[in-house]
Amino acid sequence: MKKLLGNIDPAVLSMAGIRIFSGVLELTAAFIMLYLNDVKKAVVVNSMLAVVGPVIFISTMMIGLVSMANEISFSKLVFIAIGVGFILYGIYK
């Protein structure tokens, strides 16, 4: 297993790990909704996921951007940050 993971970029591995965690969290929330079998409680569980989603998105983007910071010009990093800002603005407006 160490040989398999040894060839993977650490940034990519941590980004994928966060996404796997997010997927497991989503599946757990779905099973909790099924277990509770109540629409009001399911909406509460879903609202908790609405907070977690952007946090996962921002953390994976930041890991990727930090690992690419020395390969990309500053102006491109600014445009990427503006794009992420627009995505977040679109989600919350």
Side-chain angles (χ1 to χ4, degrees):
M1 185 73 168
K2 187 172 184 176
K3 233 180 190 182
L4 176 69
L5 296 178
N7 295 334
I8 298 176
D9 187 320
V12 173
L13 186 61
S14 48
M15 290 171 72
I18 291 172
R19 284 295 177 183
I20 289 170
F21 171 73
S22 174
V24 169
L25 194 63
E26 296 267 347
L27 285 172
T28 303
F31 287 124
I32 289 172
M33 288 179 193
L34 290 172
Y35 176 77
L36 295 174
N37 196 25
D38 182 24
V39 175
K40 291 178 185 177
K41 292 177 183 175
V43 168
V44 171
V45 172
N46 195 50
S47 67
M48 288 182 216
L49 288 177
V51 173
V52 173
V55 171
I56 298 294
F57 172 69
I58 291 170
S59 61
T60 55
M61 285 297 293
M62 290 308 298
I63 290 171
L65 290 176
V66 167
S67 68
M68 293 186 333
N70 59 354
E71 301 171 12
I72 296 179
S73 67
F74 181 73
S75 61
K76 287 183 182 180
L77 283 174
V78 169
F79 281 122
I80 291 170
I82 290 170
V84 170
F86 280 143
I87 290 170
L88 293 173
Y89 179 78
I91 290 171
Y92 288 113
K93 277 293 182 177

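For clarity, every value in this text was computed on a predicted model and none was experimentally measured. Numbering of residues begins at 1 and proceeds along the displayed sequence.
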Got a sec, which hydrophobics cluster with V44, joining ILVMFWY side chains under 4.5 Å apart, including via others?
M48
If Ile, Leu, Val, Met, Phe, Trp and Tyr residues are connected whenever their side-chain heavy atoms lie under 4.5 Å apart, and connections chain through other members, are I72 and F79 in the same group?
no
Under a 4.5 Å side-chain heavy-atom rule over Ile, Leu, Val, Met, Phe, Trp and Tyr, are L77 and M62 clustered together?
yes
With sequence neighbours excluded, what pairs up with A29 under the side-chain contact (heavy atoms from CB on, under 4.5 Å) test?
V45, L49
How is the hydrophobic cluster of V39 composed, in terms of its other members, when Ile, Leu, Val, Met, Phe, Trp and Tyr link through side-chain heavy atoms under 4.5 Å apart, directly or indirectly?
V43
What residue pairs, at least two apart or across chains, pass side chain to side chain donor-acceptor pair (under 3.5 Å) with a residue in residues 75-89?
S73-S75
Please check if I18 and I58 belong to a single hydrophobic cluster, counting links between Ile, Leu, Val, Met, Phe, Trp and Tyr side chain heavy atoms closer than 4.5 Å.
no
Which residues share a side-chain hydrogen bond (donor to acceptor under 3.5 Å, both in side chains) with S47, sequence neighbours left out:
none
For the pair S59 (side chain) and V55 (backbone), establish whether a donor and an acceptor sit closer than 3.5 Å, ignoring hydrogens and angles.
yes
Just to verify, what does I82 make a side-chain contact (heavy atoms from CB on, under 4.5 Å) with, not counting sequence neighbours?
V78, F86
Evaluate whether atom CE of M68 has more than 12 neighbouring non-hydrogen atoms of other residues, nucleotides or ligands under 6.0 angstrom away.
yes
How long is the gap from CE on M15 to CD1 on I56, to the nearest 0.5 Å?
12.0 Å
Under the side-chain contact (heavy atoms from CB on, under 4.5 Å) rule, collect the residues that match up with M61, sequence neighbours excluded.
F57, I80, V84
Those residues that, when tested against A11, pass side-chain contact (heavy atoms from CB on, under 4.5 Å) (two or more places apart):
D9, I63, S67
Looking at every non-hydrogen atom in both residues, tell me the closest pair between T60 and R19 and how far apart they are.
OG1-NH2, 3.6 Å
